[in-house]
Amino acid sequence: MTFNSRWRNRQLREHVAVIDDRLIPTLVLKNATYLNVFLKKWMQAHIWIYEDRIVYVGDRLPKHENVQMIDCENQFLVPGYIEPHAHPFQLYNPHTLSLYASQLGTSVFINDNLLYLYLLDNKKAFSILEELDDLPTSLYWWARFDSQSFLQDDEQFIRKANVLSWLKHDAVIQGGELTSWTSVLKDDDRMLHWMQETKRLRKPVEGHFPGASLETLTKMKLLGADSDHESISGEEVYRRLLLGYRVALRQSSIRPDLRKILRELREYDITSYDQIMLTTDGSPPSYYEDGIINTCINIAMEEGIPAEEAYAMGSYNAAKHFGIDHLVGSIGPGRIAHINFLEEKENPTPISVLAKGKWIKYDGNVQYEQPSFDWKKYGIEPLKLDWDLRDSDFRFFVPVGLEMANDVIMNPFTINDKLQGDEIPEDKEESFLILMDRQGEWRIATLLRGFTKSLGGLVSSYSSAGDITLIGKRKSDIHLAFNRLKEIGGGIVLADKGKIICELPLKMEGRLSDVRMEELIKCEKELSNTIKEHGYSFNDPIYTLLFLSAAHLPYIRITQRGIIDVKKKEVLFPSIMR
């Protein structure tokens with residue numbers, strides 16, 4: 001069995017034998033009104049399932065008497081939803097995220113592999129992919145071409161990543177996302193080679209083209225890009241559709257653009273939605289309290305998209321794009337039995353869910369007991385820091401600080417005040433900002449403007465490249481938060497006026513939580529609300545922490561190499577050894 005050819009010959013013969021009434025179906029959904037995504041019509045049929053596969057959709061019932069049957073009268077059946085652009089490491093992990101999401105109808109994920117590249121060798125990473133495939137959800141992956149940051153040793157990262165090995169893996173169905181697309185346009189022939197290898201393997205390449213002009217989009221199409229999820233307006237979506245891109249419309253915590261985009265698209269008289277998908281782009285846990293793709297489909301229908309189109313945008317369109325429509329994205333013979341049961345066509349949050357033929361939820365009650373996942377056998381343990389924070393780590397000689405334009409965009413500002421004391425007054429907008437190596441070998445210190453008005457200290461091991469981020473008004477509170485971070489094995493810790501006021505443990509290498517999503521959502525909401533109570537004025541502090549060192553967003557970043565100008569890709573002020 002492989003990811004793209006799930007069944008052996010013996011199993012295929014059994015599936016045919018079910019049709020011949022020589023074997024008994026595992027489950028029959030009789031009197032079903034289901035969405036036929038091929039015809040975009042609601043139709044009536046009996047649906048036969050054998051183990052994890054839909055084997056028949058039609059007007060027959062089995063001849064056997066002892067068949068488990070569910071009468072689906074007065075319900076509406078749609079394919080399990082597909083998240084085409086998941087970052088399954090935003091505090092949660094792929095295991096906890098997918099099982100939680102499946103309860104609300106999203107049972108297929110196409111996932112970022114970036115954190116595997118930081119934490120594991122490929123042998124261990126590929127073993128995890130195979131073990132996760134035993135879950136009732138369907139998890140596919142994409143192969144990153146770059147680190148998304150400025151690392152001390154980018155070449156070592158690339159060697160460890162072994163991009164071609166990832167591209168050839170059966171679970172990997174996409175190359176990208178191309179956060180370093182500007183280097184491809186310029187002269188990066190190595191990345192262009194990986195793009196062409198992706199195409200040779202008949203897998204799509206995903207772009208990352210915020211604000212790209214028609215000319216730039218054309219050039220990237222020539223170089224091999226197939227899709228993009230960075231549109232923030234109807235005009236930008238139209239540009240991409242015009243050139244033949246597949247477009248994922250985004251409704252995320254930092255870019256909740258879906259409603260606005262759909263309204264603006266009305267001006268362009270769009271009559272076909274076959275090239276359009278829906279994504280939440282890896283939002284933090286609390287954003288998923290009401291679900292994932294079901295929430296996007298709901299917005300689409302509220303904005304006048306016909307239900308048949310909206311459900312296809314949340315399922316079949318993505319399956320076609322990735323070339324896995326023979327497995328997922330529809331209710332038809334041969335597909336994996338991912339089926340959502342709705343009380344109303346207009347309500348995409350399912351009352352019951354089948355995933356790989358297993359009941360995840362039935363009549364509103366969770367049926368599938370979440371199994372544990374032994375991450376430790378792959379070497380993923382609590383974070384161990386064997387070094388201490390020094391007073392000298394707070395000294396900065398950098399005349400440029402980072403000023404928040406929003407959650408993730410940072411502008412440079414000139415540091416004029418002498419803020420080298422033990423505390424920054426609350427009438428000042430600045431905070432201390434230090435990025436430190438996990439091994440304690442280097443640091444870069446400056447000021448961050450606009451993050452907090454009063455918070456004494458925040459220390460986080462959750463960041464783009466896994467470094468330690470320290471922010472706050474008081475050095476004593478930052479020390480306190482750092483020492484607590486060491487005690488709990490990594491996470492995000494807040495301290496103020498000599499007390500620990502909130503913490504979110506991340507027991508998996510200081511980057512990920514191993515607790516159930518329901519518990520994580522509660523903990524993350526408390527953390528985010530506490531940060532906002534201390535003056536954070538934007539939407540998503542979790543994404544701010546993640547992207548402080550991410551090199552794919554303007555204009556200035558704090559990275560392992562130092563303070564960088566993103567547009568020029570230049571190090572303005574280097575990090576220093578401790």
Side-chain angles (χ1 to χ4, degrees), residues 83 85-104 106 109 111-120 128 132 137 139 148-149 252-255 279-292 370 372-373 375-376 380-383 407-408 438 451 458-471 481 484-485 488-494 501-532 536 538-550:
E83 170 53 89
H85 186 88
H87 298 278
F89 307 110
Q90 311 295 52
L91 302 180
Y92 39 72
N93 66 69
H95 176 257
T96 53
L97 172 66
S98 64
L99 290 179
Y100 172 80
S102 66
Q103 297 171 18
L104 295 158
T106 304
F109 286 81
N111 295 300
D112 186 357
N113 74 327
L114 181 61
L115 204 62
Y116 290 140
L117 305 184
Y118 281 120
L119 294 181
L120 303 166
I128 289 176
L132 287 172
T137 50
L139 303 184
Q148 206 176 41
S149 188
S252 72
S253 58
I254 56 173
R255 293 285 356 167
T279 182
T280 59
D281 197 7
S283 294
S286 61
Y287 193 75
Y288 292 146
E289 197 163 15
D290 296 323
I292 299 188
Q370 177 171 314
S372 61
F373 192 93
W375 293 97
K376 290 184 179 179
I380 297 178
E381 303 267 2
L383 178 65
D407 310 70
V408 296
R438 283 197 168 206
F451 184 83
L458 178 155
V459 177
S460 173
S461 56
Y462 173 77
S463 63
S464 180
D467 306 308
I468 309 300
T469 307
L470 306 96
I471 304 171
R484 180 58 181 163
L485 183 86
I488 65 175
I492 306 172
V493 179
L494 309 183
I501 59 174
C502 191
E503 60 186 43
L504 195 163
L506 300 174
K507 299 290 188 181
M508 297 168 61
E509 297 294 333
R511 296 171 182 255
L512 309 173
S513 173
D514 58 355
V515 304
R516 296 172 67 95
M517 276 287 286
E518 292 85 351
E519 182 181 343
L520 183 59
I521 286 170
K522 181 180 178 182
C523 192
E524 186 250 313
K525 286 173 73 173
E526 180 184 357
L527 180 84
S528 294
N529 288 337
T530 303
I531 296 173
K532 290 175 181 178
Y536 182 90
F538 304 104
N539 294 322
D540 196 336
I542 301 300
Y543 249 109
T544 298
L545 294 174
L546 179 67
F547 277 173
L548 273 172
S549 57

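Keep in mind that what you see is a predicted model, and the values were worked out from it rather than measured.
Take D407 and apply the side-chain contact (heavy atoms from CB on, under 4.5 Å) test, not counting sequence neighbours, and it matches I254, Y536, F538, N539, D540, T544. For E509, the side-chain contact (heavy atoms from CB on, under 4.5 Å) criterion is met by L119, I380, E381, R438, not counting sequence neighbours. For the salt bridge (Lys or Arg N to Asp or Glu O under 4.0 Å) test, no residue two or more places apart in sequence or in another chain qualifies with D467. Taking Y543 as the reference, Q90 meet the side chain to side chain donor-acceptor pair (under 3.5 Å) condition, with sequence neighbours excluded. Residues satisfying the side-chain contact (heavy atoms from CB on, under 4.5 Å) criterion with T530, sequence neighbours excluded, are L494, I501, C502, E526, H534. Taking E503 as the reference, R484 meet the side chain to side chain donor-acceptor pair (under 3.5 Å) condition, with sequence neighbours excluded. With sequence neighbours excluded, the residues forming a side-chain contact (heavy atoms from CB on, under 4.5 Å) with V515 are S513, E519, L520, listed by chain and number. For S549, there are no side chain to side chain donor-acceptor pair (under 3.5 Å) partners two or more places apart in sequence or in a different chain. Shown here are the ring pair (Phe, Tyr, Trp, His ring centres under 6.0 Å) partners of Y116, two or more places apart in sequence or in another chain: F89, W141. Take K376 and apply the salt bridge (Lys or Arg N to Asp or Glu O under 4.0 Å) test, not counting sequence neighbours, and it matches no residue. Every residue meeting the side chain to side chain donor-acceptor pair (under 3.5 Å) condition with H87, not counting sequence neighbours, appears here in chain and number order: H85, D112, D281.
The line from CD1 of I492 to CD1 of I542 is 4.0 Å long, rounded to the nearest 0.5 Å. Here the CG-OG1 distance, from L132 to T137, works out to 7.5 Å after rounding to the nearest 0.5 Å. Separating the CD atom in E518 from the OH atom in Y100 is a distance of 6.0 Å, to the nearest 0.5 Å. Distance check: D514 CG to K507 NZ gives 8.0 Å after rounding to the nearest 0.5 Å. Expressed to the nearest 0.5 Å, how far OG of S98 lies from CG of N93 amounts to 8.5 Å. Considering CD1 of I128 and CH2 of W375, their distance stands at 5.0 Å, rounded to 0.5 Å.
Shortest non-hydrogen contact noted between S463 and T469 is CB-OG1, 4.0 Å. Between A86 and P88, the shortest heavy-atom distance links the atoms O-CD, 3.4 Å. Of all the heavy atoms in S461 and L383, the pair that sits closest is CB-CD2, 3.7 Å. P541 and K532 make their closest contact through CD-CE, 4.1 Å (heavy atoms, listed as atom of the first residue, atom of the second, distance). Contact detail for F109 and A101: the closest heavy-atom pair is CZ-CB, 3.4 Å.
In this structure, the side chains of I468 and V459 come closer than 4.5 Å at one or more pairs of heavy atoms. L545 has its side chain within reach of I471: a pair of non-hydrogen atoms, C-beta onward, lies under 4.5 Å apart. With contacts defined as side-chain heavy-atom distances shorter than 4.5 Å, the pair M517/Q103 does not qualify.
Looking at S528, its side chain never comes within 3.5 Å of a backbone N or O of K525 through a donor-acceptor pair. Judged by distance alone, the side chain of Y92 and the main-chain N or O of P284 form no donor-acceptor pair under 3.5 Å.
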Practice task
Would you sort out whether I531 and F451 count as a side-chain contact (heavy atoms from CB on, under 4.5 Å), showing the intermediate values?
Solution key: CA-CA 9 Å; I531 296 173; F451 184 83; 4.0 Å; yes

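Using a 3.5 Å distance cut-off with no hydrogens or angles, the side chains of Y288 and T280 do pair a donor with an acceptor.
Just one residue in the list I292, L97, N111 forms a side-chain contact (heavy atoms from CB on, under 4.5 Å) with E83, and that residue is I292.
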